[in-house]
Amino acid sequence: MRICVHPLNDNPGSPVIVFGNALGTRASLWAAVAARLADDYQIYLSDLPGHTHPRTDEADDFTLSDLAAGLVSSLAELGVEKFTYCGASISGGIGLTLALDHPDSLTGLVACSTATKFGTADTWAERIKDVEEDGTRGQLDDTADRWFAAGFLTEDIASGPAVLTDLAMIDDAAYIACARALTQYDVTGRLEAISTPTLFIAGAQDPGCTPEAMTELSAQVTDSTIAVVPDAAHLPMVEHPDLVFDHIEQFLSKV
Ligand SMILES: O=C(O)CCC(=O)CC(=O)O
């Protein structure tokens with residue numbers, strides 16, 4: 001399947017970094033971090049189906065493997081054969097899938113706020129039913145509690161509310177299609193096969209992808225490190241872009 005991938009800058013010949021968004025966020029989720037890398041890298045923002053750009057196909061039953069394969073082929077059409085991938089949450093899962101299924105395409109992987117399996121079939125069925133009934137705007141209160149550390153939304157009255165506004169505006173069917181893909185996603189027990197240099201990033205207060213759980217993931221990947229961002233929950237690239245940039249820049253200097 002075709003994945004929407006857009007250049008953030010025009011830096012031909014530089015190493016390529018591709019950013020991937022979290023469920024219910026726009027492709028611009030990583031913009032504050034990506035902009036800081038734009039002098040030295042060619043940056044692309046990739047989009048979950050229908051999250052920023054109109055859906056390029058109407059398939060409702062894709063998997064994260066389909067998204068990973070689609071990203072590789074969509075980048076190849078742009079002349080990109082090798083890249084470092086930075087994915088958040090579901091896109092961290094796409095990143096782990098890329099490292100398992102397409103290792104030759106990857107120079108490095110940044111897997112942020114992610115897991116080898118998210119929730120259960122029951123929790124996803126419940127969330128899908130809620131979105132069918134109330135739309136993504138019905139998710140706002142619960143999601144704000146998961147995405148941001150206590151106090152963030154009142155301390156930074158620009159970034160957090162902007163991301164939540166994006167959530168309310170995202171196409172319900174696109175959100176549900178990705179939620180269905182997450183229901184099937186499970187790479188538990190497979191990470192030892194990953195040889196790509198990998199940086200895991202966890203928010204210290206992420207209630208789902210906890211630092212402890214992500215430390216266990218990092219322990220399974222041979223060439224990996226983990227960074228824990230203080231005072232952050234599920235979206236540390238929004239809460240503390242400077243800190244996340246520092247971790248990624250340090251990682252990139254070694255891959
Ligand atoms: O955020 C994702 O990409 C998937 C996992 C999830 O739904 C976590 C959340 O919204 O809090």
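For this chain, numbers begin at 1 and follow the sequence in order. Computed from a prediction, not measured in an experiment: that's the story for all the values here. Counting starts at 1 for both ligands and their atoms, following the listed order.
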Any donor-acceptor N/O pair, Lys117 side chain to Thr188 backbone, under 3.5 Å:
no
Is there a donor-acceptor contact under 3.5 Å from the side chain of Asp206 to the main chain of Thr210?
no
Could you tell me whether a side-chain N or O of Ser113 sits under 3.5 Å from a main-chain N or O of Ala88, the two making a donor and an acceptor?
no
Taking all heavy atoms of Ser91 and all of Asn21, pick out the closest pair and write down the distance.
OG-O, 2.5 Å
Between Glu239 (side chain only) and Ala149 (backbone N and O only), is there a donor and an acceptor less than 3.5 Å apart?
yes
Measure the acute angle between the ring planes of His51 and Tyr175, then classify it against the limits of 30° and 60° as parallel, tilted or perpendicular.
parallel
Any idea which residues sit under 4.0 Å from ligand 1, heavy-atom distances?
Ala22, Leu23, Ser89, Ile90, Phe118, Trp124, Arg127, Arg146, Trp147, Leu182, His234
